[in-house]
Structure formats: structure tokens, C-alpha cells
Amino acid sequence: SKISGAGSQVADDVEGTLYKFIPADYLKNEEEFQKRVDKDATAFKPLGTKIYSYARPAEGKSGAKGKGKGKAAAEKGFATASVDDEDAVVYEVYWANWETPGFREYHRRMQLFVLLYIEGGSYIQEDEDKWEFVVLFEKRRRRDEARTPVYHFVGYSSLYSFYCWPDKVRLRLRFVECALSCH
């Protein structure tokens with residue numbers, strides 16, 4: 001459609017362009033989408049092997065004593081919490097590869113962020129079996145009675161294993177992609 005007063009300029013078809021990259025089964029109906037989000041929020045568990053975790057205090061709960069101490073520490077990235085703290089924001093790092101059950105399909109969905117956030121980014125070739133992935137999730141607990149854990153995708157890195165003469169194998173980092181503000 002034309003933009004009024006812009007002469008012969010035509011607006012880009014953003015939705016049409018995105019269709020090429022979004023999985024065919026995505027939902028357009030808002031009610032169906034909300035049902036899927038509600039279901040996935042409690043059913044989703046990260047794929048792969050957990051290799052690391054760390055925690056930050058929930059906003060306003062740094063535990064530091066004194067006026068402004070907690071806020072200053074949190075802003076500088078120093079505030080930490082126990083991963084066992086019910087109110088902590090826990091970050092978990094998972095390792096996966098193409099052999100990880102369900103990961104290939106999950107990767108197809110998360111790799112869209114490469115195109116959206118990395119200028120000149122492109123998809124990787126799935127037929128190469130040497131790819132490894134490190135995925136970061138934010139884990140919070142709902143305020144329900146069961147304190148149900150809910151995972152949020154934060155970002156991921158693609159790693160490629162290659163031979164390095166004379167007798168070594170090295171990992172090459174392809175992307176570090178953060179969909180949310182990384183801490």
C-alpha cells in the first residue's frame with residue numbers, strides 16, 4: 001500500500017517477508033496463541049544437558065544492607081543469590097547438539113533471532129553434524145502455591161568443531177545471540 005504524501009514509495013511487506021522464516025505452524029489467532037503460551041509456560045523444559053547455573057536476586061531483593069547498597073551492586077552486576085532462593089532469578093546454561101531429542105526443531109524456531117538481531121546473520125546448514133549449541137534460559141518461579149518454575153529463552157551460541165593441525169580439535173564460536181537483555 002502507498003504512503004500518503006510519499007510519492008511513489010511503497011511500504012515494505014514486513015509480514016510477507018517474515019513468512020519465509022517463521023515455521024508454518026505459527027498461530028495467527030490471538031486466543032489460540034494465548035492458550036498455547038499458557039500451556040507452554042508450565043510444560044516447557046529446556047532441551048539438552050544443564051552445564052552451568054547462576055542466580056541474581058529478584059528486582060528489589062538484593063539483600064544488601066544500607067541505603068542504596070543493593071541497587072548499586074545490582075547495577076554493577078555484583079549482586080548474587082543462591083539458586084535455591086525461591087525469589088531468585090536463576091540462569092541456566094544448557095548444551096545440546098543435533099542428536100539431542102527435539103533440539104533440531106527447537107533450533108529452527110530460535111534461529112530467527114539471528115536474522116532479527118545480527119546484521120548479516122544467516123542460518124546454519126543443518127546437514128553438518130559437528131554443530132554444538134549452548135543455550136541460556138532464565139528460570140523464575142511463579143507465585144502460585146506450587147511455585148512452578150517457568151523458563152524464558154535468553155540467547156544461544158552456535159559452536160562448530162573443526163580439526164586444527166596437527167592433532168587438535170577446536171570449537172569455533174559462530175554467534176552469541178541474546179534475545180533479552182543479558183546479565
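Everything numeric here is computed off the predicted structure, so don't read it as measured data. Numbers here are sequence positions counted from 1.
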Subject >> Validation row: Lys50, Val93 side chains within 4.5 angstrom (heavy atoms) >> reply: no

Original post:
Can you find a pair of side-chain heavy atoms, one from Arg36 and one from Leu27, that are under 4.5 Å apart?
Top reply: yes

Subject >> Heavy-atom check, side chain of Asn29 versus side chain of Phe33, under 4.5 Å >> reply: no

Original post:
Relative to the ring of Phe103, is the ring of Trp98 parallel (under 30°), tilted (30 to 60°) or perpendicular (over 60°)?
Top reply: tilted

Original post:
Do Tyr52 and Val134 have side chains that get closer than 4.5 Å, going by heavy atoms?
Top reply: no

Original post:
Is the side chain of Asp144 donor-acceptor paired with the backbone N or O of Thr148 at a distance under 3.5 Å, no angle test?
Top reply: yes

Original post:
So, Lys35 and Glu31, do they make that salt bridge, N to O below 4.0 Å?
Top reply: yes

**OP:** Please name the residue in the list Tyr91, Tyr94, Phe113 that meets the ring-ring contact (aromatic ring centres under 6.0 Å, His included) test with Phe153.
**Re:** Phe113

Original post:
Who pairs with Glu126 by salt bridge (Lys or Arg N to Asp or Glu O under 4.0 Å), at least two apart in sequence or on another chain?
Top reply: Arg104, Arg108

**OP:** If the plane angle is over 60° it's perpendicular, under 30° parallel, otherwise tilted; pick one for Phe44 and Tyr106.
**Re:** parallel

**OP:** Check Met110 against Val135 and note the closest heavy-atom contact, atom names and distance.
**Re:** CE-CG2, 4.0 Å

**OP:** Evaluate the side-chain proximity of Arg140 to Val150: yes if any heavy-atom separation is below 4.5 Å, no if none is.
**Re:** no

**OP:** Could I get the full list of side-chain contact (heavy atoms from CB on, under 4.5 Å) partners for Glu15, not counting sequence neighbours?
**Re:** Asp13, Tyr19, Tyr26, Lys28

Subject >> With sequence neighbours excluded, residues passing side-chain contact (heavy atoms from CB on, under 4.5 Å) with Glu128 >> reply: Gln125, Trp131, Tyr160

Original post:
Is the shortest side-chain N to carboxylate O distance from Asp25 to Arg109 below 4.0 Å?
Top reply: yes

Original post:
Is there side-chain contact between Thr100 and Asn97, with heavy atoms separated by less than 4.5 Å?
Top reply: yes

Original post:
Has Lys39 got more than 12 heavy atoms of other residues, nucleotides or ligands less than 6.0 Å from its NZ?
Top reply: no

Subject >> Near-ring test His152/Phe137, centroid separation under 6.0 angstrom >> reply: no

**OP:** Check for a donor-acceptor pair, side chain of Arg141 on one end and backbone N or O of Arg147 on the other, with a separation under 3.5 Å.
**Re:** yes

